[in-house]
Amino acid sequence: MENRIPLSFYTRDALEVAPDLLGKTLCRRTGEGTVQRYTISETEAYCGEEDRACHASRGMTPRTSVMYEKGGMLYMYLIYGMYWMMNIVTAQAGHPQAVLVRGLKEVNGPGRLTRALRLERSFNRESLIDSPRIWLEENRAPVRFTTHPRIGIDYAGEYWRDVEWRFVLHENSLSS
DNA sequence: GTAACGATCCTC
DNA sequence: AGGATCGTTACA
């Protein structure tokens with residue numbers, strides 16, 4: 001049954017949403033009504049124009065305009081000409097923040113998980129609030145996690161490179 | 001126009 | 001350690 005996470009979950013700061021996403025169920029409806037369900041296990045927060053690792057650090061461009069929307073949409077982009085990255089836009093409109101979904105319990109790696117779920121360009125600006133093909137569901141179990149520096153953003157400089165805005169779900173954190 | 005460069009992954 | 005592979009961005 002569907003217990004879809006509401007808009008109010010996504011309109012908070014990325015630094016609150018990113019750890020709260022751990023353990024949530026990512027649901028993908030493919031083809032003839034089949035629904036695949038995965039548990040989110042790793043996320044990273046990207047927080048506004050100040051954050052030198054955030055794509056919005058150089059202001060609004062055609063690509064980053066979706067990050068300036070209010071929370072709840074997907075921000076999809078192609079990296080290295082090969083891999084689609086799945087991001088969840090957060091915060092209020094005008095605050096360009098997003099959370100990169102970096103891993104699932106079932107699939108490790110941001111490029112691998114979008115391949116497994118068949119997520120690509122057409123999901124950019126898709127709304128998790130009312131999309132029939134992708135959404136999130138609550139998971140009542142409590143969550144334990146660790147924090148770490150973000151990956152692949154060494155160019156961002158000392159402070160932003162080292163800040164621990166990556167969140168990893170503990171093994172055995174969920175009872176289900 | 002043109003060129004440099006990735007929020008990665010796979011195979012040496 | 002290096003290559004794949006191409007959209008986005010900045011700059012001329």
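Between the side chain of A/Glu106 and the backbone N or O of A/Thr39 there is at least one donor-acceptor pair closer than 3.5 Å.
Here B/dA7 presents its C1' atom at 10 Å from CE of A/Met67, a figure rounded to the nearest Å. Between the CZ atom of A/Arg150 and the P atom of B/dA7 there is a distance of 11 Å, rounded to whole Å. If you take CG of A/Asn108 and C1' of B/dT8, they are 14 Å apart, rounded to a whole angstrom. The CD1 atom of A/Ile151 sits 7 Å away from the P atom of B/dT8 (whole-angstrom rounding). Here B/dA7 presents its C1' atom at 16 Å from CZ of A/Arg112, a figure rounded to the nearest Å.
Note on A/Lys24 versus A/Glu137: no salt bridge recorded, every NZ/NE/NH1/NH2 to OD/OE distance being 4.0 Å or above. Checked for salt-bridge contact, A/Arg4 and A/Glu138 miss the test: no charged N lies under 4.0 Å from a carboxylate O.
Backbone-only engagement by A/Arg121 is indicated by non-hydrogen atom pairs under 4.0 Å involving sugar-phosphate atoms exclusively. A/Arg115 comes within contact range of the sugar-phosphate backbone alone, with a heavy-atom separation under 4.0 Å but no base atom that close.
Within the 4.5 Å cutoff, the side chain of A/Asn87 has no heavy atoms near those of the A/Leu74 side chain. The closest side-chain heavy-atom distance from A/Trp84 to A/Phe123 is not below 4.5 Å. For the pair A/Tyr38 and A/Thr25, the minimum side-chain heavy-atom distance is 4.5 Å or more. Looking at A/Leu113 and A/Asn108, their side chains never come closer than 4.5 Å, going by heavy atoms from C-beta outward.
Judged as a side-chain hydrogen bond (donor to acceptor under 3.5 Å, both in side chains), the pairs with a partner in residues 45-54 of chain A (not counting sequence neighbours) are, in order, A/Glu44-A/Tyr46, A/Glu49-A/Tyr68, A/Asp51-A/Arg150.
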Can you pull every protein N or O that's under 3.5 Å from an N or O on nucleotides 1-3 of chain B?
none

| query | Could you write out DNA chain C as a dot-bracket string, with dots for unpaired bases, | for bases paired across to another strand, and Watson-Crick or G-U pairs counted at under 3.5 Å? | reply | ||||.||||||.
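Residues from residues 74-91 of chain A lying near DNA chain C, meaning a heavy-atom separation below 4.0 Å, are A/Leu78, A/Tyr80, A/Gly81, A/Met82 in numerical order. For the segment residues 95-104 of chain A, the set of residues with a heavy atom within less than 4.0 Å of an atom of DNA chain B comprises A/Leu100, A/Arg102, in numerical order.
Of all nucleotides in DNA chain C having an atom under 4.0 Å from a heavy atom of chain A, the first and last in 5' to 3' order are C/dA4 to C/dA10.
When the side chains of ILVMFWY residues are joined at heavy-atom separations under 4.5 Å, either directly or via intervening members, A/Ile129 and A/Met86 end up in a single hydrophobic cluster. Under the 4.5 Å side-chain contact rule for hydrophobic residues, A/Leu117 and A/Met85 do not share a cluster. Both A/Leu128 and A/Leu7 are members of a single hydrophobic cluster when ILVMFWY side chains are connected at heavy-atom separations under 4.5 Å.
For the salt bridge (Lys or Arg N to Asp or Glu O under 4.0 Å) test with A/Glu126, the passing option among A/Arg133, A/Arg28, A/Arg29 is A/Arg133; the others fail.
Note that A/Arg63 lies in the cation-pi zone of A/Tyr77, set by a 6.0 Å cut-off to the ring centre and a 45° limit from the axis. A cation-pi arrangement is absent between A/Arg12 and A/Tyr10, since the terminal nitrogen or guanidinium carbon is not both under 6.0 Å from the aromatic centre and inside a 45° cone about the axis.
With hydrogens and angles left out, the side-chain atoms of A/Thr146 and A/His148 include a donor and acceptor closer than 3.5 Å.
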| message | Applying side chain to side chain donor-acceptor pair (under 3.5 Å) to A/Thr64 and A/Thr61, what does each step give before you reach the verdict? | response | CA-CA 5 Å; A/Thr64 62; A/Thr61 66; 3.2 Å; yes
